[in-house]
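If you read the sequence from its start, that first residue is 1, and numbering goes on from there. Being a predicted model, the structure only gives us computed values, none of them experimental. Ligands are counted one by one from 1 in listed order, and the atoms in each one are counted from 1 as well.
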Amino acid sequence: MEKSLKLRKVQLIEFLKSHNIHDQKLLKVMSDIPRELFVDVAYKSQSYENAALPIGSEQTISQPFIVAFMTQELQINDSQKVLEVGTGSGYQAAITASLCKRLFTIERHLPLLKTAEAIFAKLNIFNITTFFGDGMKGWLDQAPFDRIMVTAAAKELPENLLEQLKDGGTLIVPIGKKDEDQYITKFTRKGDHYESQCLMPVKFVPLLSGIVHNS
Ligand code: SAH
């Protein structure tokens with residue numbers, strides 16, 4: 001790795017620590033997974049900035065702080081089965097898969113999914129199962145999940161996904177109709193009801209229905 005990228009990575013990890021990211025396993029994984037592999041070569045030098053970057057198909061790789069925040073809030077451990085909706089670059093999936101037992105991830109843009117799959121193989125990450133489809137429906141065959149994370153903004157509570165949570169399980173999802181009023185929201189299943197907690201204002205690309213073969 002170029003010296004400047006290495007230095008920027010150290011600085012990013014320090015930034016995360018100073019912004020209440022304190023899970024040591026998570027910090028180690030964020031330091032180990034090469035974010036530069038998940039961004040377009042044109043943005044390589046910006047890989048360790050705390051910024052969302054374009055990944056094609058009009059989508060973005062999330063800010064490292066948001067990836068860390070959502071992962072930490074989910075309290076992921078190596079016995080859990082986790083579902084991610086919105087594979088995108090695959091970066092959040094690679095981080096999460098390093099902390100859980102099995103990760104299932106769904107993407108509606110085929111070219112993005114193919115690129116992400118190639119990176120998982122390159123990094124020898126074998127506990128990720130991918131699916132090209134509409135993640136709003138969840139993954140019924142694999143449900144229930146201990147944890148679910150949605151990395152695109154839902155207009156309203158995604159009921160299908162809540163139903164695919166185990167009792168005691170947690171779902172984290174940005175919810176909001178417009179850019180200005182999206183909030184990362186956490187739901188915990190308690191039997192047949194859910195407790196919700198509004199955590200932080202954010203800007204995510206929208207969760208959309210249907211699939212896209214070429215883009
Ligand atoms: N987790 C990604 C974030 C990518 S941005 C990363 O680490 O890079 C959000 C992604 O959600 C986009 O790739 C978008 O195509 C995808 N998406 C939006 N709606 C979706 C849906 N209904 N099902 C599956 N993926 C969806």
Side-chain angles (χ1 to χ4, degrees), residues 12 26 29-30 33-40 43-44 46-74 76 82-100 103-120 123 125 128-140 142-143 145 147-162 164 171-177 179 182 184 202-215:
L12 175 66
L26 170 62
V29 165
M30 301 247 348
I33 300 281
R35 190 168 184 258
E36 65 272 26
L37 288 193
F38 295 86
V39 306
D40 194 279
Y43 297 98
K44 192 177 166 197
Q46 297 173 49
S47 315
Y48 293 100
E49 278 170 29
N50 186 38
L53 298 168
I55 54 171
S57 306
E58 297 174 0
Q59 306 303 318
T60 53
I61 179 173
S62 308
Q63 254 177 293
F65 171 72
I66 296 296
V67 170
F69 179 81
M70 288 178 73
T71 314
Q72 183 167 270
E73 280 294 332
L74 279 181
I76 289 163
V82 181
L83 172 68
E84 178 195 32
V85 173
T87 318
S89 68
Y91 180 66
Q92 172 79 71
I95 298 286
T96 309
S98 305
L99 296 164
C100 71
L103 178 79
F104 295 84
T105 184
I106 310 175
E107 173 55 55
R108 68 186 287 276
H109 279 277
L110 190 57
L112 290 179
L113 193 61
K114 294 279 168 216
T115 307
E117 285 168 346
I119 305 172
F120 302 150
L123 292 175
I125 301 175
I128 300 181
T129 310
T130 59
F131 180 62
F132 170 51
D134 180 355
M136 278 170 153
K137 297 176 185 156
W139 197 325
L140 214 46
Q142 290 296 342
F145 298 95
R147 300 286 185 265
I148 300 180
M149 60 166 65
V150 183
T151 64
K155 285 199 181 107
E156 55 205 27
L157 180 73
E159 300 271 358
N160 288 336
L161 297 178
L162 278 177
Q164 294 181 24
L171 160 73
I172 199 161
V173 50
I175 297 186
K177 291 203 168 68
D179 274 5
Q182 291 177 7
I184 294 184
V202 273
K203 271 191 186 176
F204 269 85
V205 294
L207 186 69
L208 300 169
S209 58
I211 51 173
V212 185
H213 282 91
N214 313 294
S215 49

Please indicate whether any nitrogen or oxygen in [X] is less than 3.5 Å from any nitrogen or oxygen in ligand 1.
X: Ser209; value: no
X: Ser89; value: yes
X: Ile55; value: no
X: Leu208; value: yes
X: Ile61; value: no

Practice task
Go through the side-chain N and O atoms of Ser89 and Gln59 and say whether any donor and acceptor fall under 3.5 Å apart.
Solution key: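 Their side chains do not contain a donor-acceptor pair, so the 3.5 Å distance test is not met.
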
For [X], the ligand 1 atoms whose distance to one of its heavy atoms is below 4.0 Å:
X: Val205; result: 5 (S), 9 (C)
X: Gln92; result: 1 (N), 7 (O)
X: Leu112; result: 13 (O)
X: Leu207; result: 18 (C), 19 (N), 20 (C), 21 (C), 22 (N)
X: Tyr91; result: 7 (O)
X: Ser62; result: 3 (C)
X: Glu84; result: 1 (N)
X: Thr60; result: 3 (C), 4 (C), 5 (S)

Handout entry: Thr115 OG1 to His109 NE2 distance, which is reported to the nearest 0.5 Å
Key =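 With rounding to 0.5 Å, OG1 (Thr115) is 12.0 Å from NE2 (His109).
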
Problem - From CD (Gln63) to CE (Met70), nearest 0.5 Å - result: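 Going from the CD atom of Gln63 to the CE atom of Met70 covers 12.0 Å.
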
Would you check whether [X] reaches within less than 4.0 Å of ligand 1, judged by its heavy atoms?
X: Thr87; value: yes
X: Ala93; value: no
X: Gly133; value: yes

Which heavy atom of [X] sits nearest a heavy atom of [Y], and at what distance?
X: Lys155; Y: Ile175; answer: O-CG2, 3.9 Å
X: Ala51; Y: Pro64; answer: N-CD, 3.7 Å
X: Leu112; Y: Gly56; answer: CD2-O, 4.1 Å
X: Tyr48; Y: Pro34; answer: OH-CA, 3.4 Å
X: Tyr43; Y: Pro54; answer: OH-CG, 3.4 Å
X: Gly138; Y: Leu161; answer: CA-CD2, 3.5 Å

Check: [Y] main-chain N/O paired with [X] side-chain donor or acceptor under 3.5 Å:
X: Gln164; Y: Phe145; answer: no
X: Glu107; Y: Gly88; answer: yes
X: Thr87; Y: Leu113; answer: no

What protein heavy atom is closest to [atom], reported as residue, atom name and distance in Å?
atom: atom 11 (O) of ligand 1; answer: Gly86 CA, 3.2 Å
atom: atom 25 (N) of ligand 1; answer: Arg108 N, 3.4 Å
atom: atom 18 (C) of ligand 1; answer: Pro206 O, 3.6 Å
atom: atom 15 (O) of ligand 1; answer: Glu107 OE2, 2.6 Å
atom: atom 12 (C) of ligand 1; answer: Gln59 OE1, 3.3 Å
atom: atom 23 (N) of ligand 1; answer: Gly135 N, 2.8 Å

Handout entry: Under-4.0 Å heavy-atom contact with ligand 1, by part of His109 that carries it
Key =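 Within the 4.0 Å criterion, His109 contacts ligand 1 through side-chain atoms alone.
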
Exercise for the section: Check Thr151 against ligand 1 and report side chain, backbone, both or neither, counting heavy atoms closer than 4.0 Å. Expected result: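 Both backbone and side chain.
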
Result block: side-chain N/O donor-acceptor pairs under 3.5 angstrom for residues 128-135, not counting sequence neighbours:
residue: Thr129; atom: OG1; partner: Arg102; partner atom: NH2; Å: 3.1
residue: Thr130; atom: OG1; partner: Glu117; partner atom: OE2; Å: 2.6
residue: Asp134; atom: OD1; partner: Met136; partner atom: N; Å: 2.9
residue: Asp134; atom: OD2; partner: Gly210; partner atom: N; Å: 3.2

Practice task
Please work out which of the three classes, parallel, tilted or perpendicular, describes the rings of Phe120 and Phe38, given edges at 30° and 60°.
Solution key: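 Because their plane-to-plane angle lies in the 30° to 60° range, the rings of Phe38 and Phe120 count as tilted.
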
